[in-house]
Amino acid sequence: MTEFRYSAAERCTWCSMRAVLPSEDAADRIVAASGGRLMKYRCPVDDGWHLSYPATEHATLIDPR
């Protein structure tokens with residue numbers, strides 16, 4: 001088996017072209033390498049995993065008024 005490469009991963013058309021990680025173990029390794037800044041979640045339509053960066057993707061917008 002070859003090492004998984006994030007940059008060469010297939011992309012998911014259902015999930016905004018996010019990389020499809022082939023296993024939870026691969027997702028866990030990247031989350032650990034990010035110091036916990038990334039979050040893993042199972043793809044809702046495929047048999048793979050995705051990553052998100054909650055600090056920017058789920059940030060609350062502040063009304064500047």
Side-chain angles (χ1 to χ4, degrees):
M1 183 175 162
T2 60
E3 179 81 19
F4 168 73
R5 297 184 126 200
Y6 184 86
S7 61
E10 292 183 34
R11 300 293 164 163
C12 181
T13 57
W14 288 94
C15 298
S16 302
M17 299 306 287
R18 290 188 185 271
V20 177
L21 285 70
S23 68
E24 186 174 15
D25 184 56
D28 287 338
R29 286 195 309 268
I30 295 173
V31 169
S34 77
R37 290 182 295 275
L38 296 176
M39 181 179 81
K40 70 178 181 183
Y41 64 97
R42 184 175 282 284
C43 178
V45 295
D46 196 1
D47 187 28
W49 292 83
H50 296 308
L51 300 172
S52 70
Y53 183 45
T56 59
E57 294 182 41
H58 306 290
T60 304
L61 297 176
I62 300 171
D63 186 354
R65 289 184 273 176

Only distances under 3.5 Å count here; give the side-chain donor-acceptor pairs of residues 34-48 to other protein atoms, sequence neighbours excluded, each with its distance to 0.1 Å.
residue : atom : partner : partner atom : Å
Ser34   : OG   : Val31   : O            : 2.7
Ser34   : OG   : Gly36   : N            : 3.4
Ser34   : OG   : Arg37   : N            : 3.2
Ser34   : OG   : Leu38   : N            : 3.1
Arg37   : NE   : Ser34   : O            : 3.1
Arg37   : NH1  : Ser34   : O            : 3.1
Arg37   : NH2  : Ser34   : O            : 2.9
Lys40   : NZ   : Glu24   : OE2          : 2.7
Lys40   : NZ   : Asp28   : OD1          : 2.5
Tyr41   : OH   : Arg18   : NE           : 2.7

Residues Leu21 and Ala27: closest non-hydrogen pair is CD2-CA, 3.4 Å
Ala19 and Arg11 have their tightest heavy-atom pair at N-NH1, 3.2 Å
Checklist entry - Same cluster for Tyr6 and Trp49 if Ile/Leu/Val/Met/Phe/Trp/Tyr side chains link at under 4.5 Å? => result yes
### Message
Using a 6.0 Å cut-off, check whether atom CZ of Arg5 has over 12 heavy atoms from anything other than its own residue.
### Response
no
